[in-house]
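Below is one structure, written out as structure tokens; the observations come after it.
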Amino acid sequence: SAHTIESAITPQTKAIVIVHFAGLISPDIFAIATLCKQRHITLIEDCSHAHGAIAIDSKGKSHKAGSIGDIAVFSFYSTKILTCGEGGMIVCKNKDFAFTCRSLANRGLKPYEEQEQFITLGSNYRLPEFSAIMGLSGLAALESQLAYRQKLSLAYKQYLHTFIKNKTISPQAIPSGFRHSFWRFIIFLHKHSPDNIIKYLKSYHIYADAPYKPLLHKQPLLANHPLVSYVPSTQPTIENHISLPIHMGIKLKDVRFITSKLKEAFNE
Ligand SMILES: *Cc1c(COP(=O)(O)O)cnc(C)c1O
């Protein structure tokens, strides 16, 4: 939340990266954007889960993921909603920053110049044209894909209704009018251990998963880093979630099967 972020800001803070987790734009995103503006901190949206997701501000205006912060990044890796196989995209509001990105991506050349002028220490981060063709056809199919994922998510919630009601689990809370991309369908487990549930489902060849473990601050690169700290209150949330299968290859009858096995796992 904006409050948690505010308490973590120090005079050294230059930028804040926010991940629209599982495809839901952070419900607090507008408060976070305001906070960043007041403190002159760059807000970077990581939209790798959130292609096509929408947030509604307090005036009822809708904003697509990637249009709220100063900079946004999208991944087009093969597991994402919109994919080019590999690659990604940076979008930003600042022209100078865009100019620098173009140069860095293209061996440090000055963009839009006929004559070669190297102005930065760039590399080759160009998206191949063949990949871009794949991305464009994915873009054309994005709306129908989002609608299908939405339909699967509603089926999950309907079949799991009793467990949501008696607080065995809870889905992500989606503010009214927001569009979740449902790159992943997350449930938070309040009475069971994720490992046991995942194991039970796996015995029926259902691959649920609990991503982002161990957390970043426990990874070898950062575990003992003097500048790394974390917010302890985030730990239970992260440690108690699983994601259920959701993609274009899943049918409504699969959701019914998966949820029936999940019910067995809860009742064991
Ligand atoms: C996939 C993903 C990335 C990495 O994307 P690449 O295309 O591999 O660079 C970064 N952040 C999040 C949240 C992701 O899901």
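In this text the structure is predicted, and so the values were computed from the model without any measurement. Values below: all heavy atoms of this structure, side chains included; hydrogens, waters and symmetry mates excluded. Start at 1 and go down the list; that is how both ligands and their atoms are numbered.
- In this structure, H205 and Y207 have tilted ring planes: the angle between them lies in the 30° to 60° band.
- Following chains of ILVMFWY side-chain contacts shorter than 4.5 Å, one cannot reach M248 starting from I81, and the two form parts of different hydrophobic clusters.
- Note on I68: it does not cluster hydrophobically with I44, by side-chain heavy-atom contacts below 4.5 Å among ILVMFWY residues.
- Between the side chain of K80 and the backbone N or O of A50, no donor-acceptor pair lies under 3.5 Å.
- In this structure, H241 has its ring center under 6.0 Å from that of F21.
- Among all heavy-atom pairs drawn from E86 and L127, the shortest one is O-CD1, 3.6 Å.
- The contact shell of ligand 1, taken as protein residues with any non-hydrogen atom closer than 4.0 angstrom, comprises V19, D46, S48, H49, S75, Y77, K80, G87, Y212.
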